[in-house]
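Per chain, numbering begins at 1; letters A, B, ... match sequence-line order. Just so it is clear, the model here is predicted, and its values are computed rather than measured.
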Number of protein chains: 2
Amino acid sequence: MDLNLTTQSVSTRDAVYRVLKNQILLLEIPPGTSLSEKEISLKFNVSRTPVRESFARLAHEGLLEIYPQRGTVVSLIDSELVEEAQFMREHLERAVISLACNSFPESNLRSLKINLAKQKLGIEEQDYKSMFQLDEDFHHIIFEGCAKKNTWDVVQQIKVHLNRSRMLRLAADHDWEHLYNQHLHMYEAIQAHDAARSDLLMKKHMELTLSDQDMLKQKFPTYYK
Amino acid sequence: MDLNLTTQSVSTRDAVYRVLKNQILLLEIPPGTSLSEKEISLKFNVSRTPVRESFARLAHEGLLEIYPQRGTVVSLIDSELVEEAQFMREHLERAVISLACNSFPESNLRSLKINLAKQKLGIEEQDYKSMFQLDEDFHHIIFEGCAKKNTWDVVQQIKVHLNRSRMLRLAADHDWEHLYNQHLHMYEAIQAHDAARSDLLMKKHMELTLSDQDMLKQKFPTYYK
DNA sequence: ACTACCACACTTGTATGGTAGTATGGTAGT
DNA sequence: ACTACCATACTACCATACAAGTGTGGTAGT
């Protein structure tokens, strides 16, 4: 395997980190897999040092578990962690959208409107890949409008634990039409400065994500703790 | 300087990490100070490797800023980050205490009661050092009772950004009597399953922490971004 | 057949040398 | 006096060697 060092990362450590993280999140390296610094360093044709530093970072994020002098494994999905991640995300998102109802820059409101239009287009063209990104962007714009950049970063960090679980479900089983309507209503609530309504809408919106955790656990028992 | 390797840390990396983090949080190494791997490794009589890995971790937490091939400095306090950290902490704490009002184990309720008694004692004896810990414990017990261990960990992580700012204020300027009463009222709200009241109480409680940020910024301009 | 033991092949942890990029201070030229 | 340039002394980054702990399979002894 070869690392693509052209994409701004520059440092081999970051490159290794990104590739590994991607593979783990996409379940290309399934939970429970044993890794070793040497193995990865050979695979990528780099020394152990940058690999080791990537391992440390991934372990800190909860995607790897390092057992000194014994080995390193891709961590199993921890349902408790998934549930709590969802809990945290919900409350932070609700807090932020309530803020947005108090004051929200006109430019960000326009961005939301544009985003919604793109979503509508995406649904018609059944471009589910870009729908994922637009969904992400929609929420990001709200955080930006509230000057809550760091909070967004924390939410992203927290979401790491959700992602593998979400990946197990088929990408296509989202009811995009429903999602679009929820986004639209949130937009309207922000525009109308209706904090109570936005809070309720976001609550419902978040509930969608965490539905069939138990089902997944039964279907992929070896992936879960 | 010598590292105390006796205290469970075992690995020199963790030891270096803890000592550095402590010194930074206690402002013994003030914001803006330049560090280098070599300098610290000589100071602690260890090789550059564990120092380097500690640097990476501290940088990830936002306490250091690493400029490749140029140097590493202790990050300045970012008021925006402090404000957002407080924002996140408030909403997570409020969400959890509301949960606690719905259902809370009897044993944790007892722990809270015991903690309150110790607080009362601490105030009488003017033992402010243990008051810090009891305050911390009180909130921790609530999270435990709601089975929100991971959320607690995230809050701890977020609080890193608050700590240096809090450190600048005198430790003694807390109105412990007031804090005790707030804790007591929260305890009563949990016991009475009064979520709305607990939410309001926690909101007020959190507001205490973030008061005179601007004053601090004027008083210690070189510490802030 | 069974057990105790030990050599060995792993693992991660630590130390160190070399590389490339950056800031700085002195110097030569204008 | 001022500027452009370059040697030098840094820096963090990466590669590599060694150290120390752990699991395992084979072997000798019972």
Side-chain angles (χ1 to χ4, degrees), chain A residues 1-21 24 29-76, chain B residues 1-21 24 29-76:
Chain A
M1 167 145 346
D2 228 29
L3 290 180
N4 182 8
L5 281 168
T6 59
T7 56
Q8 71 183 2
S9 56
V10 178
S11 87
T12 62
R13 174 185 40 182
D14 287 354
V16 171
Y17 166 76
R18 291 187 193 195
V19 172
L20 279 180
K21 183 171 180 177
I24 293 173
I29 307 178
T33 307
S34 288
L35 300 179
S36 84
E37 296 174 359
K38 190 169 188 179
E39 170 200 354
I40 301 296
S41 68
L42 289 175
K43 200 165 160 189
F44 289 167
N45 281 312
V46 296
S47 78
R48 267 184 57 212
T49 306
V51 173
R52 174 175 174 72
E53 293 175 358
S54 299
F55 273 29
R57 190 166 168 192
L58 290 167
H60 190 66
E61 291 182 342
L63 292 176
L64 290 184
E65 290 187 15
I66 300 175
Y67 302 101
Q69 270 76 35
R70 286 195 289 166
T72 299
V73 298
V74 178
S75 66
L76 299 176
Chain B
M1 169 145 345
D2 228 28
L3 290 179
N4 182 8
L5 280 167
T6 60
T7 55
Q8 72 183 356
S9 55
V10 179
S11 86
T12 62
R13 173 185 41 181
D14 288 353
V16 171
Y17 166 76
R18 291 186 192 196
V19 171
L20 279 180
K21 183 169 179 177
I24 293 173
I29 308 178
T33 307
S34 287
L35 301 179
S36 84
E37 296 175 359
K38 191 168 187 179
E39 169 199 353
I40 301 296
S41 67
L42 289 176
K43 201 165 159 188
F44 289 166
N45 280 313
V46 296
S47 77
R48 283 176 1 241
T49 305
V51 173
R52 175 175 171 71
E53 293 177 356
S54 299
F55 274 27
R57 191 165 167 193
L58 290 167
H60 190 66
E61 292 184 340
L63 292 177
L64 290 184
E65 290 186 16
I66 299 175
Y67 303 100
Q69 273 74 33
R70 285 194 288 167
T72 299
V73 299
V74 177
S75 66
L76 299 176

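For B:Ser47 and C:dA15, the shortest distance from a side-chain N or O to OP1 or OP2 is below 4.0 Å. Taking only side-chain nitrogens and oxygens, A:Thr12 comes nearer than 4.0 Å to OP1 or OP2 of D:dC14. One finds a side-chain N or O of A:Arg13 lying less than 4.0 angstrom from the OP1 or OP2 phosphate oxygen of D:dC13. Here A:Thr49 does not reach the OP1 or OP2 of D:dA15: none of its side-chain N or O atoms lies under 4.0 Å away.
In this structure, the CD atom of B:Glu37 is 11 Å from the P atom of D:dC14, given to the nearest Å. In this structure, the CZ atom of A:Arg52 is 17 Å from the P atom of D:dA17, given to the nearest Å. Atom P of nucleotide D:dA12 and atom CD of B:Glu53 are separated by 15 Å, given to the nearest angstrom. A:Phe55 places its CZ atom 10 Å from the C1' atom of C:dT12, with the value rounded to the nearest Å. Atom-to-atom, NZ of B:Lys38 to P of C:dA15 comes out at 15 Å; the value is rounded to the nearest Å. Atom CG in B:Asn45 sits roughly 11 Å away from atom P in C:dT16 (whole-Å rounding). The nearest whole Å value for the distance from the CZ atom in A:Arg48 to the P atom in D:dC18 is 14 Å.
Annotation: side chain of A:Val74 is in contact with side chain of A:Leu64 (closest heavy-atom distance under 4.5 Å). Within the 4.5 Å cutoff, no side-chain heavy atoms of B:Arg13 are placed close to those of B:Arg57. The shortest distance between side-chain heavy atoms of A:Phe55 and A:Leu20 falls below 4.5 Å. The shortest side-chain heavy-atom distance between A:Ile24 and A:Thr33 does not fall under the 4.5 Å cut-off.
A:Ser75 places a side-chain N or O within donor-acceptor distance of the main-chain N or O of A:Leu63, the cut-off being under 3.5 Å.
Taking CD of A:Glu39 as the start and OG1 of A:Thr72 as the end, the distance is 10.0 Å to the nearest 0.5 Å. Atom CZ of A:Arg48 sits about 8.5 Å away from atom OG of A:Ser36, to the nearest 0.5 Å.
Screening B:Ile40, B:Asp14, B:Thr12 for a side chain to side chain contact (heavy atoms under 4.5 Å, CB included) involving B:Pro50 leaves a single residue, B:Thr12.
Residues A:Glu37 and A:Val51 share a closest heavy-atom pair of O-CG1, 3.7 Å.
Near DNA chain C, defined here as any heavy-atom distance below 4.0 Å, the residues from residues 56-72 of chain B are B:Gln69, B:Arg70, listed numerically.
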Pair assignment for DNA chain C - dot-bracket with | for other-strand partners, Watson-Crick or G-U under 3.5 Å: ||||||||||||||||||||||||||||||
